[in-house]
Amino acid sequence: MEYKKIISERLSTLTGLSTETIEKLIEIPPKPDMGDFAFPCFQLAKTLRKAPNLISQELKDKIDKSGFEKVEAVGGYLNFFVDKSYLAKNTLSKILTEKEKYGHSNIGKGKTITIDFSSPNIAKPFHVGHLYSTAIGNALYKMFSSQGYKCVGINHLGDWGTQFGKLIAAYKRWVDEEALEKEPIKELLRIYVKFHEEAEKDPSLEDIARMHFKNLEDGKEEEVMLWKKIKEVSLIEFNRIYDMLKIKFDSYAGESFYNDKMDEVVELLQEKGLLTESKGALVVNLDEYNMPPCIIKKSDGATIYATRDLAAAIYRKRTYDFYKNIYVVGTPQTLHFKQVFTTLKLMGFDWADDCIHVGFGLVKFADKKLSTRKGDVIFLEDLLKEAIERAKELIEQKNASLENKDEVAKVVGIGAVVFTYLKNNRERDIIFSWEDILNFDGETGPYVQYSYARGRSVLRKANGYDISNTDFSKLNSQEETELIKLLASFNDVIINALEKYEPSILTRYIIDVAKTFNKFYNLHPILSVEDEMLKNARLALVDATTIVIKNGLSLLGIDVVERM
RNA sequence: GCGCCUUUAGCUCAGCUGGAUAGAGCAACGGCCUUCUAAGCCGUGUGUCGGGAGUUCGAAUCUCUCAAGGCGCACCA
């Protein structure tokens, strides 16, 4: 906000401190009746050798108060109250003019950001854990795009690796072709689980699996054919889920895509003299950085994921010339990415510093852990369907006359799930509970969507309003001012969230907006107000609020409904 | 053993880069629909901010230490 600048400039001339240091000190008081901005004078107390409350008093007398309703000295604080009608007018007209572009900016113009997210493993079910990366990555994609960055969404499919040896071995032994036709992933999961059970009894299966993978790498016909088939049926299922979530990728270049790009990486490492042999494997030693070595080639000569990640990073730099290269991958892989980024740096690529691992926590049950190998998973599709079902029930219960119930149930149900995933700090684990995730009360997606629908309903009934016949200075209740101030900070919030790669900051902001709006809605009549100027001003405020909620949710990949 | 993370109300979590009496939601209880959607609003909390020490005008926030839990530590991704 420009207010901080104005305040710091005025204080700078009075105190001699730089505008920058002052701007950093300026804070927002905990309660609205204490003002909109505050400057703590405690630090000045030392240099001026004067009590903080005397300093604030003195500054209060001397400072230029134009543009502010008033300036007060409370204890060691200098509190500023902004001119509310000015704020209301500026904020609301800006929102109503910019509409769906409100909150957007151009600070990323000309810069490309690659975002690696979702990236499920082929042949394994898309379970509730995968939504974490998918939701965060998609939100970051939309948020960065809104600030003018060109984003490239990459689904780095797990379509290579020794697991395919296992799968091929299992396929040849136990697959039920009929079941595979009907529910491919479920059947693949079944034989994958069976493989692990059988391998416990007969460890030689592991060797057979390794052999199959080696054959696959060597391009043997049977293995390649099976691999292709598995990949094909998996993608059909994944796309069904991405469609439900309305998520699109710009690239599906998965692990197998880099098969022919790894020799070059090995050569480059060789040239730089970074490779050493250790226990039969080729590694980059990272002792100096207090990390275990980065393995480039296994002792059997086969490649490993670190090699692929190196190849992928180099490919992405060459292809997209990224400004930032983001990986939305779980925190357990923190060390792996440190190793890869450090290796890139050692290879002489300064852009290694632009590679960012955006980690997130685990999705787990209260008691046990999700495990694909044991078949202990909840399919994301089942969760989404359940949520839609629950939303449908609530509609029948609360608004049975609604026209497009199924459509609304879909938006609300899916919105509730995605919202839950984006509500908390991403590094926190999500404890999965049907009860919590299907509870649509309180700080949830449906709550926010409901607030939006309420606002839209008022606007529909108003049947338009005359923005030119408005007196914004009449929006002076505490609820109205608070709401306006919140709406004004939308862009700041997005920027702040992006700096931390943390969508939850935006999610919580939207909750705040909805909460403040509901208070306003409950306390102040809108349509029945006789004063036409006030009525129009309130309608403008409702209009602006719905715009911000809609834009905000859209950045999180969540839709709104006009009625619910 | 080493490294990283977590610890705030019964439960799930916020707490902006050190600041004014530590906040929400859920759950519980009590109020509010002849007026704009009650998926809403209002009210009710005796919290050692895991323990201890330090830094300073001031610490949930920074440093150190201890404790509990989690994750990771070379041929899986």
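Values below: every heavy atom of this structure, side chains too, minus hydrogens, waters and symmetry copies. Here the structure is a predicted model, which is why all the values come from computation and not from measurement. Letters A, B, ... are given to chains in the order of the sequence lines, protein chains preceding strands, and every chain is numbered from 1.
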Distance, [atom1] atom - from [M] to [N], rounded to whole angstrom:
N	M	atom1	value
A14(B)	G58(B)	C1'	22 Å
A9(B)	A60(B)	C1'	14 Å
U65(B)	U55(B)	C1'	15 Å
G3(B)	U21(B)	P	39 Å

Notebook entry, point to check: Do Asp543(A) and Tyr465(A) have side-chain atoms, one donor and one acceptor, less than 3.5 Å apart?
Noted result: yes
Margin query: Any donor-acceptor pair under 3.5 Å linking the side-chain atoms of Ser457(A) with those of Arg563(A)?
Written below: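 The answer is no; no qualifying pair exists.
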If only side-chain N and O atoms of [X] are considered, is one of them under 4.0 Å from the OP1 or OP2 phosphate oxygen of [N]?
X	N	answer
Lys166(A)	C76(B)	no
Tyr447(A)	C41(B)	yes
Tyr450(A)	A39(B)	yes
Arg428(A)	U7(B)	yes
Lys461(A)	U37(B)	yes
Asn425(A)	U6(B)	no
Arg454(A)	A38(B)	yes
Thr334(A)	C4(B)	no

Categorize [X] for me: base, sugar-phosphate, or nothing, with a 4.0 angstrom heavy-atom threshold over every strand shown.
X	answer
Leu527(A)	base
Lys519(A)	sugar-phosphate
Lys535(A)	nothing
Glu255(A)	sugar-phosphate
Ser433(A)	nothing
Gly161(A)	sugar-phosphate
Arg563(A)	base
Gln43(A)	base
Pro332(A)	sugar-phosphate
Gln333(A)	base
Ser299(A)	base
Lys515(A)	sugar-phosphate
Pro52(A)	nothing
Met291(A)	nothing

Check: Can a donor-acceptor pair under 3.5 Å be found between the side-chain atoms of Asn439(A) and the base atoms of A39(B)?
Finding: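 No pair found.
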Check: Under 3.5 Å, is there an N or O donor on one side and an acceptor on the other linking the side chain of Ser119(A) and the base of A77(B)?
Finding: no
How many Å lie between [atom1] on [X] and [atom2] on [N], as a whole number?
X	N	atom1	atom2	result
Asp429(A)	G70(B)	CG	P	11 Å
Ile437(A)	G25(B)	CD1	P	20 Å
Ile505(A)	C13(B)	CD1	P	17 Å
Tyr465(A)	C36(B)	OH	P	21 Å
Asn522(A)	G31(B)	CG	C1'	13 Å

Notebook entry, point to check: Under a 90° cut-off about 0 for the syn range, is C64(B) syn or anti?
Noted result: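 Anti conformation here, the glycosidic angle of C64(B) being more than 90° from 0.
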Notebook entry, point to check: Which atoms form the tightest heavy-atom contact between Met564(A) and Gln449(A), and what is the distance?
Noted result: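 Smallest interatomic distance, heavy atoms only, reads SD-C, 3.6 Å.
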Next item on the list: Drop me the distance from Leu157(A)'s CG to Ser256(A)'s OG, to the nearest 0.5 angstrom.
Entry: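 Answer for the CG-OG pair, Leu157(A) versus Ser256(A), is 8.0 Å.
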Check: Hey, where does RNA chain B pair up into stems, meaning at least three consecutive Watson-Crick or G-U pairs with distances under 3.5 Å?
Finding: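 Ordered by first number, the stems with RNA chain B (at least 3 consecutive pairs each) read B:1-7 with B:67-73, B:10-13 with B:23-26, B:28-32 with B:40-44, B:50-54 with B:62-66.
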For residues [X] and [Y], establish whether the separation of their ring centroids is below 6.0 Å.
X	Y	value
Phe257(A)	Tyr315(A)	yes
Tyr305(A)	His336(A)	yes
Tyr447(A)	Phe440(A)	no

Next item on the list: Might you confirm whether atom CD of Glu27(A) has over 12 heavy atoms from other residues, nucleotides or ligands at distances under 6.0 Å?
Entry: yes
Next item on the list: Indicate yes or no: at least one non-hydrogen side-chain atom of Ser504(A) is less than 4.5 angstrom from one of Arg426(A).
Entry: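 Heavy-atom side-chain distance check fails, nothing below 4.5 Å.
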Check: Taking for each residue the nucleotide of RNA chain B bearing the nearest heavy atom, is the 5' side occupied by Asn518(A) or by Arg426(A)?
Finding: Arg426(A)
Between [options], spot the one nearest the side chain of [X], thanks.
X	options	result
Leu394(A)	A39(B), A74(B), G72(B)	A39(B)
Glu443(A)	G25(B), A20(B), A74(B)	G25(B)
Asn424(A)	A14(B), A74(B), U17(B)	A14(B)

Notebook entry, point to check: Angle class for the Tyr327(A)/Phe341(A) ring planes (parallel below 30°, perpendicular above 60°, tilted otherwise)?
Noted result: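 Correct class here is tilted.
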